[in-house]
J.: 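Handing you a structure now.
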Amino acid sequence: MKYVDEYRDAKAAEHFRKAIHRITTKPWTLMEVCGGQTHAIVKFGIDELLPNRVELVHGPGCPVCVTPLELIDKAITIASKPNVIFCSFGDMLRVPGSERDLLLVKANGGDVRIVYSPLDAVKVAQENPDKEVIFFAVGFETTAPANAMAVHQAMLLGVSNFSILVSHVLVPPAIEAVMSSPQCRVQGFLAAGHVCTVMGYTEYFPIAEKYKVPIVVTGFEPLDILQGIYMCVKQLEEGRHEVENQYARSVRKDGNRPAQQLIGEVFRVVPRKWRGVGEIPQSGLGLSDEYQSYDAELRFEVADYTAEESTECISGLVLQGIKKPNECPAFGSRCTPEHPLGATMVSNEGACAAYYRYRRHLAKSNAA
């Protein structure tokens with residue numbers, strides 16, 4: 001963003017703060033879906049500007065956090081094999097598997113590389129024809145076009161030693177899963193703006209109507225979030241449940257059609273297990289039949305792996321907006337970024353990591 005200061009202006013923030021206080025007459029619970037929004041809220045103290053009646057809870061919009069434990073174990077197994085180059089974004093290397101993480105595989109001699117684009121991994125495969133090169137394709141709809149393009153390019157170029165380990169998840173089914181839970185207390189959503197930049201927001205119309213909840217597509221800067229909260233609370237106070245777009249400078253109603261077409265060609269919708277949450281029907285992406293030969297799970301025969309999650313980690317409850325990170329007995333003591341129990345303490349979008357970085361003092365009161 002070129003003029004970021006405009007979206008962090010204190011006077012404008014005060015204007016929205018007063019407006020939210022002025023219209024709020026009832027208690028409301030809103031969920032920000034995206035972990036990037038969570039970090040902005042905690043970093044800038046946005047939740048502390050709100051009336052006591054407005055509570056923000058954190059959602060499942062951190063793709064690293066919801067990558068299931070067995071998929072991390074699959075990645076570790078593949079990365080540990082000889083003649084393999086395992087490529088990933090950096091935030092996946094510290095995510096704990098059942099016994100270790102990818103960083104330990106690298107420390108023990110595995111060829112684990114951090115890349116900044118899945119197309120970089122295709123280039124690595126071209127430069128190393130005698131090695132198998134795997135890219136860890138993690139993310140929501142936001143990263144799906146780039147990962148789809150990498151597979152598409154590999155096929156066009158005839159790069160047969162490249163494959164991807166897919167852990168793509170979809171936001172709308174996750175919102176439905178949150179609303180379907182008997183423990184749900186969410187009354188409105190701040191939807192992830194970057195996802196809607198790709199997919200648009202027409203998918204949210206039936207959800208808003210079915211569950212009678214307002215959904216506001218929201219950006220990631222402080223003023224974006226404050227305006228999104230204002231729009232959501234205003235709907236609730238007026239008894240409306242509509243889909244609105246706060247992030248109009250980036251999001252169009254129909255999204256990015258060419259990106260959607262590429263996703264539809266390379267991927268297909270599949271059931272997906274979410275770490276700490278469980279399996280959500282039709283909530284993920286897997287490779288389509290045409291591109292099955294690029295599926296690392298099939299190539300390395302690890303599709304049937306299972307794993308049991310830590311019973312001490314409450315990340316699933318955090319991701320569903322039921323608990324806050326500082327409510328975990330292990331927060332800041334037995335669970336830290338250096339020794340995490342779960343992915344929410346590791347990821348740059350994890351709620352626990354946000355609380356540890358900006359509100360670590362809450363661990364003391366929790367311990368008391």
Side-chain angles (χ1 to χ4, degrees), residues 28-38 54-63 65-66 139-142 144 168-220 224-225 227-248 250-257 259-260 263-264 267-274 276-285 316 319-322:
W28 303 113
T29 301
L30 313 182
M31 172 179 280
E32 80 279 359
V33 174
C34 180
Q37 293 168 335
T38 300
V54 177
E55 181 184 5
L56 298 180
V57 295
H58 317 308
C62 165
C65 303
V66 301
F140 285 95
E141 296 94 328
T142 320
H168 271 298
V169 284
L170 305 174
V171 172
I175 292 179
E176 290 220 55
V178 168
M179 291 305 301
S180 299
S181 170
Q183 296 175 282
C184 176
R185 55 193 182 91
V186 178
Q187 296 160 293
F189 288 91
L190 306 181
H194 50 10
V195 169
C196 295
T197 299
V198 175
M199 302 304 294
Y201 52 88
T202 57
E203 292 177 296
Y204 295 123
F205 290 138
I207 298 175
E209 179 61 32
K210 178 180 179 180
Y211 297 100
K212 310 300 181 189
V213 290
I215 300 175
V216 179
V217 179
T218 309
F220 304 90
D224 290 328
I225 296 170
Q227 185 179 17
I229 293 169
Y230 171 79
M231 294 167 69
C232 202
V233 171
K234 191 170 188 293
Q235 282 202 53
L236 288 165
E237 290 283 343
E238 295 174 355
R240 295 185 290 120
H241 47 271
E242 302 170 7
V243 180
E244 294 184 312
N245 181 20
Q246 181 279 329
Y247 204 33
S250 180
V251 172
R252 295 178 297 179
K253 181 179 179 180
D254 295 325
N256 185 327
R257 287 292 180 83
Q260 294 169 24
I263 293 171
F267 293 114
R268 59 189 173 92
V269 177
V270 297
R272 181 69 69 186
K273 183 177 179 181
W274 296 52
V277 178
E279 184 170 296
I280 301 176
Q282 304 302 294
S283 66
L285 296 176
L319 292 166
Q320 297 175 73
I322 297 168

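Any value given below was found using the heavy atoms of this structure, including those in side chains, with hydrogens, waters and symmetry copies removed. Here the structure is a predicted model, which is why all the values come from computation and not from measurement.
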J.: Do Tyr247 and Asp224 come within less than 4.5 Å of each other through their side chains, counting heavy atoms only?
T.: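 Yes, close enough: below the 4.5 Å cut-off.
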J.: Just so I know, are the side chains of Tyr204 and Pro172 near enough to count as touching, which here means a heavy-atom distance under 4.5 Å?
T.: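 Sidechains of Pro172 and Tyr204: in contact.
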J.: Who are the ring-ring contact (aromatic ring centres under 6.0 Å, His included) partners of His241, not counting sequence neighbours?
T.: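 With sequence neighbours excluded, His241 shows a ring-ring contact (aromatic ring centres under 6.0 Å, His included) to no residue whatsoever.
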J.: Is there a donor in the side chain of Thr218 and an acceptor in the side chain of Gln246, or the other way round, less than 3.5 Å apart?
T.: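 No donor-acceptor contact under 3.5 Å links the two side chains.
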J.: Are the side chains of Ile229 and Leu190 in contact, using a 4.5 Å heavy-atom criterion?
T.: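 Yes, at least one pair of side-chain atoms sits under 4.5 Å.
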J.: Checking side-chain contact (heavy atoms from CB on, under 4.5 Å) between Phe189 and each of Val217, Val171, Ile215, which is the one that passes?
T.: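 Of all the options given, the one that passes is Ile215.
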J.: Would you mind reporting whether Leu319 and Val178 have side-chain heavy atoms less than 4.5 Å apart?
T.: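 They are not in contact (no side-chain heavy atoms under 4.5 Å apart), so the answer is no.
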J.: How would you list, by chain and number, every residue that makes a ring-ring contact (aromatic ring centres under 6.0 Å, His included) with Tyr230, sequence neighbours excluded?
T.: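 Applying ring-ring contact (aromatic ring centres under 6.0 Å, His included) to Tyr230 gives none.
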J.: What residue pairs, at least two apart or across chains, pass salt bridge (charged side-chain N to carboxylate O under 4.0 Å, His left out) with a residue in residues 176-192?
T.: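 Only Glu55-Arg185, Glu176-Lys210 qualify under salt bridge (charged side-chain N to carboxylate O under 4.0 Å, His left out).
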J.: Of all residues at least two apart in sequence or in a different chain, which pass the side-chain contact (heavy atoms from CB on, under 4.5 Å) check with Glu242?
T.: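 If we apply the side-chain contact (heavy atoms from CB on, under 4.5 Å) test to Glu242, skipping adjacent residues, the hits are Gln235, Arg240, Glu244.
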J.: Centres of the Phe140 and His168 rings: under 6.0 Å?
T.: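 No, the ring centres sit 6.0 Å or more apart.
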J.: Looking at Glu279, is its backbone amide N or carbonyl O close enough to the side chain of Arg272 to form a donor-acceptor pair, meaning the two atoms are under 3.5 Å apart?
T.: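 Here the side-chain-to-backbone pair does not exist.
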J.: Within a 6.0 Å radius of atom NZ on Lys212, are there more than 12 heavy atoms belonging to other residues, nucleotides or ligands?
T.: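 It does: Lys212 NZ has more than 12 such atoms within range.
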J.: For residues 186-203, which residue pairs qualify under side chain to side chain donor-acceptor pair (under 3.5 Å), counting only residues two or more places apart or in two chains?
T.: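 Qualifying pairs, neighbours excluded: Thr197-Ser250.
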J.: Taking Gln320 for the side chain and Gly316 for the main chain, is one N or O donor matched with an acceptor at less than 3.5 Å?
T.: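 Yes; at least one donor-acceptor contact below 3.5 Å.
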J.: Taking side-chain contact (heavy atoms from CB on, under 4.5 Å) as the definition, give me every residue that meets it alongside Ala177, ordered by chain and number, with sequence neighbours left out.
T.: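 side-chain contact (heavy atoms from CB on, under 4.5 Å) list for Ala177, sorted by chain: Ile280.
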